[in-house]
Every structure is written in C-alpha cells, then in structure tokens.
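All remarks here apply to the structure that follows.
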Protein chains: 2
Amino acid sequence: MTTEYSGTGDPKRSMELLWGGPERPRRGPKPRLTVAQIARAAIEIADAEGLTGLSMRRVADQLGVTAMSLYTYVPGKAELLDLMLDTVYGEEPEPTTAGARATDRRTTAGETAAEETRATEAGAGGRASGGKVTGAEDWRTRLERLARQNYARYRRHPWLLQVATSRPVLGPNLMARWNQELAAVDGLGLTEIEMDLVVTLLGDYVHGAARAAVEADQAEQRTGMTDEQWWYAYAPLLEQVFDVARFPVAARVGEVAGAEYRAATDPARSFEFGLPRVLDGIEAFLRTRPATEEAARDAAESPS
Amino acid sequence: MTTEYSGTGDPKRSMELLWGGPERPRRGPKPRLTVAQIARAAIEIADAEGLTGLSMRRVADQLGVTAMSLYTYVPGKAELLDLMLDTVYGEEPEPTTAGARATDRRTTAGETAAEETRATEAGAGGRASGGKVTGAEDWRTRLERLARQNYARYRRHPWLLQVATSRPVLGPNLMARWNQELAAVDGLGLTEIEMDLVVTLLGDYVHGAARAAVEADQAEQRTGMTDEQWWYAYAPLLEQVFDVARFPVAARVGEVAGAEYRAATDPARSFEFGLPRVLDGIEAFLRTRPATEEAARDAAESPS
DNA sequence: CATAACTCTGTACATCGTACGCGGTTAATC
DNA sequence: GATTAACCGCGTACGATGTACAGAGTTATG
C-alpha cells in the first residue's frame, strides 16, 4: 500500500470528465449513475475508511451496481481519483471580495469550521517581530485563512495527503484554488516566481503539519487506544532499553512533553505554533523586497 | 494503496528485534538469514520500486528463500517496516562535536551528498532580516544541517514519506536522532515544550518540501516523460478549457514559471527558498525569548 | 421494425499478506 | 551415542485487489 497518484490515468479522459464533456449522445439505456455521484460516493468511502478501504467493488456496492459497471463512466481508478481530487477542492466557499469569511457550508469533520474561521480574529495580532509593516495585515490574514482552509481540508479528507499532485490533472476547482492562492500574494512587489515560491512554502508546511495531525487521529482510531493509554502500555518496554545518559535531551523533553500533553505530541498545538513562524519568515522576506503592497497598488492604479 | 503504518505490529516484538534480543544458542538448524539482512533487502526493494513494489515474496526472492520463511525472523510486514525505519535512521554519521560535517558515507541517490554539505557553507549567511543576533549562527547552522539531512534521507528513501510515524516504535537510531534534533535547540532559553515545537515545525516543513521533490522524481520515472515533455503534451488540453479572465493570476504566474523552470515547479529551488524562511521565522521567535544561547550557557556553567 | 449504440453483469487472472501443517536439521538431554 | 525438543524453511490455501473480455439487455435512430 502506497501513495496513489493523480494523473496516472489518461489526462485527456480526465480533463473531459472534469470540465464537463457536454456530450449527451443518447442511444442506449438511460445511465443509472453520474460521474459526480460516483466521485462523491468514492470520497465518502475514502473519508471513512481511507484510501485502502476504497475499492471499485466497494464504490459499486454503495451505489447498487457491480464493479464493472463503473467502468462505463470512468476509465479506471486513477481517473476516479482525479475526479475526487478536484471535487473536494470545490468545497470551499467562492472567494468573494475583501472581507470574505471562510465559514461553514459543509463541515463534515467537526471542529474544522472553528479552525478555519479563527484566521479572521487571530489575523496579524501578536506576531513575534512586532514591528508594524505597512499593508502587512492584509496579505498575512489572507495567507493565514488559506492555510487554515487547506489544513481543514486535509483533516476532512485525510486521503488527500496520500494523493501525489506533482502533475495534477487540473480541474476547474483545482485551478480556481491555485489562482486564489497566488492572488493572495499578488501586488506585494514579488516577481511571479517569488509568488509561486511563497505559496509553495506555505503549502508544504501545511501539508506536513496536517499529516502529523491526521496520523495522530488515525493512530487512535486504528489501535482503539488514546495516546495516553498507548503510552502507558508502551513506556515499560521503552524503559527497559532507554539509556538516559545516551539520550539526555530526549529524556528531558520527553518527560515534560508527556506530562503536559498526556501524549507524545499535540499536532494541533504544533500547527498553531508553526503557522505564525512560517508567516513571520515570509514577512521577513517581504521586508527585503522593494515595493510594499500599497506602493504596488498605487503604481498599478495610477493611469501612468 | 495507502500509507503504511509504523507500530502496527506488536510493539513488544518490534522492540525486541530493534534493541537486539541477545538470545544466541538455539536448537534447530542454523538460520540462513538475519533480521538485519532482511531489513536491508526490503529497503533496497522499497528504494527501487516503492512501497507498492515491496512484498514479502519479493524480499524472499531477493534473499533466495520463500515468502513464508521470512516469518520465522519477523512476525509480519508491519514489524519489518519498523525495522526498515530504524535502519535508515542509522545511516547518518554519528553526531560528533562542534564542526561535524554531514558528508558521504553511503550516498545512494546522487546529488544528495552535495545538498547535505551545503549547510556548512551557506550557514547563517545572507539571511533576510540581516540583523546580527548573538549566537544565532550556531543553532541556525545546526538546524539547517539537520534539515538537509532529513531532506536527503527522504530523497534516498522516498517510501519514508509514506510511513506514518505518529506512534513509532522507537528503535535506537530513531531515538538517537530525536535526541540529536532536540539537542540542536537546547540551551537557547526555550522551554522543553518550545524545543519540541521548533523541531516539529522544521520537521513538518522538510517533510512537505521533500514530498514535493520526490513526487516530481517519481512522476518522471512513472510516465517516462520529463516535466517539459509532459507539459508539451498537456498544454493543448488545458488551453481548450482555460479561461484567462477567470484565472488571471494563475495565468500570469503559470506562464512565467513555465518559461523559467521548463516545468510547472522546481522542488529543489522551492526548498532552497523555503528553508531560510522557516529558519527566519524561528529566529524571530527566538528574539522574543529572554535568554540568548550564551546567557543560558553561562548560567548553566557557573557553579551557582 | 431493424439496428447501432449504449449500459450493465459474470467470469477470470495475477498479486497481495499470511494462517496452517509438514518434513528436515540441529543441539541439548539422557 | 541415541533420543528428542526446538527450530527452519516450504507448499498450499484463502479472500482481497484492479480490470480485460464476452455477452445480455435496453433504447433512440434509420
């Protein structure tokens, strides 16, 4: 069992499916299903049971048909994954103007809505470097909201973490999302390449942090033990071999962290700590660039 | 196909295997194999063909035995993965004193050695914020070296990215590594929890960045096309549906990035850009903390 | 009405991890 | 030195997986 790939199937077929081939030739019997239905069913299964639990037979069962029947709608499992991918990227509310809030409208995973909205309140406050930077709040709030949306999406659909998106089949929703993320750092005086680099940096971090959180969730679900219970069972094994003299710092940190978290780690806290740091790093980078957001906007708006 | 888990098997058995059950004199015929041999064979296969290509039969073939024979050494595939994990974390040179260089000694993946060593030269130079911070070079150089080592390890053993390590079976090498990473941020005036948070932040980012790089490698290997070839084949499909008015920023960035990279992205460049940003973010955080590295050291060394 | 186009099903194959039982090999015991 | 308990390695078997292929049933078009 390994990573599943996007774009493994025939890109042409996937693109047709994604962008809606308006072909409705009508000779045979009425189709009992739609591709969207199939994709949603597959997503539900993958959400609940992971990508290992996702099989053509399983999806077919859920829809009341046989496995082979799905192949009339979708060339294969790889293309189905392309569809699933673009579908979940369509779950975010449309990016409205200025103060758009990324709230509810479908929240399948519980606390995720809270996580997403927190961006607005937290915003640019309490940042380490402290110095006020002109226009900083804007891009920072935008990036933070996007980061939290991505984090929440990963938690809603953990299988996303295992879908390789190196050469994704760019469906409409994936495309819109990419545009939106780049737009968040547009007008800051960055070159196009730098815009891409900043967005990629944040995306990479969020992916890593979300992975840790999802793994913790799944570890509990898989073993039926909380972190605390697990640690209680595991500690004696470790003590038999652990040499404090050999691993002094780990011993110290492990003890404190164990007492504080009642677990080895706390992924949510890690993310709340890490996200501002990454944004600080981006901020430091922006300070080295010539133009501020306002300057760039002024320059663009003035009828030269 | 999905993520494979560490710690799925019986932790007790895994721990025994990892920390060396000292049982020697046995009754039956001489074992033809050792667990270390099996682990190395499995690693080689996973390196070459990914976790999907790794099967008990495949490992057995490589070693000239049958699949079932492996089960006399290892309880199952899950425990084998625990072994593989700890084994690859033993590939780094021992952390020597001060100026230890993380060089060669096994470099299976080509340019990775260069990537690892670059830390020393790059070090703390050319950082964005510019301001000199007392003792900053030290922790920063250490963290950068560790980050590059981790990045290189992921590239050497891409399957590592798919091994969930939420509740890892802590073998000696994993343990030593964790200790080493924490030691890199020890004495900076951070609390134990903060030390853990900083190390986790960097680890999460490196994981995300490495994943992107590995995916790009694998996309090329899988499809037999370079990014450029792929893009050349894919672009016409995209142009049929792409609406510049709907995705203006993506259009602009995509065009420039395509021209510059000859590809959609350049993961190596992303990492070289992102790593200093993350370190800057950590640096900004350290500046908010009371004690500097020297102050902490002095306080510890003075025979109060 | 005949037919071409289409949907859906059943069967089949190779590959996976591993449970189970058997037979051969060895070292400890008498 | 013979016996035997402990152990190694093998062969077979089972229920999964994605999907190729052939055929049966359904419908709009000529």
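Lettering of chains follows the sequences in order, A, B, ..., and the numbering in each one begins at 1. Values in this document were obtained by computation on a predicted structure and should not be read as measured data.
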Has the side chain of A:Arg57 got a donor or acceptor atom sitting under 3.5 Å from an opposite partner on the base of D:dT19?
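Per atom types, the contact qualifies.
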
Compare side-chain N and O positions of [X] against OP1 and OP2 of [N] and report whether any pair is under 4.0 Å apart.
X       : N      : result
A:Ser55 : D:dT17 : yes
A:Tyr73 : C:dC8  : yes
A:Thr66 : C:dT9  : yes
B:Lys30 : C:dA27 : yes

Rounded to the nearest Å, what distance is computed from the [atom1] atom of residue [X] to the [atom2] atom of nucleotide [N]?
X       : N      : atom1 : atom2 : answer
B:Arg58 : C:dA14 : CZ    : P     : 19 Å
B:Ile38 : D:dC8  : CD1   : P     : 11 Å
A:Leu70 : C:dC8  : CG    : P     : 9 Å
B:Leu33 : D:dC10 : CG    : C1'   : 14 Å
A:Tyr71 : D:dA22 : OH    : P     : 17 Å
A:Leu54 : D:dA16 : CG    : C1'   : 14 Å
B:Leu80 : C:dT18 : CG    : C1'   : 14 Å
A:Arg27 : D:dG25 : CZ    : C1'   : 16 Å

Side chain of [X] only, heavy atoms from C-beta on: which candidate in [options] is closest?
X       : options                : value
A:Arg32 : D:dC10, C:dC8, C:dG17  : C:dC8
B:Met68 : D:dT27, C:dA19, C:dG10 : C:dA19
B:Lys77 : C:dT25, D:dC10, C:dG17 : C:dG17
B:Met56 : C:dA27, C:dT18, C:dT7  : C:dT18

With under 30° as parallel and over 60° as perpendicular, where do the rings of A:Trp231 and A:Tyr234 fit, or are they tilted in between?
tilted

Could you check whether the rings of A:Phe271 and A:Tyr205 sit parallel, tilted or perpendicular, using 30° and 60° as the cut-offs?
parallel

Side chain to side chain donor-acceptor pair (under 3.5 Å) partner of B:Glu92, the single match among B:Gln149, B:Gln180, B:Arg153:
B:Arg153

Backbone N/O of A:Val65 and side chain of A:Ser69: donor-acceptor pair under 3.5 Å
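No.
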
Can B:Arg177 and B:Asn150 be counted as having a side-chain donor-acceptor contact under 3.5 angstrom?
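B:Arg177 vs B:Asn150: donor-acceptor pair found between side chains.
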
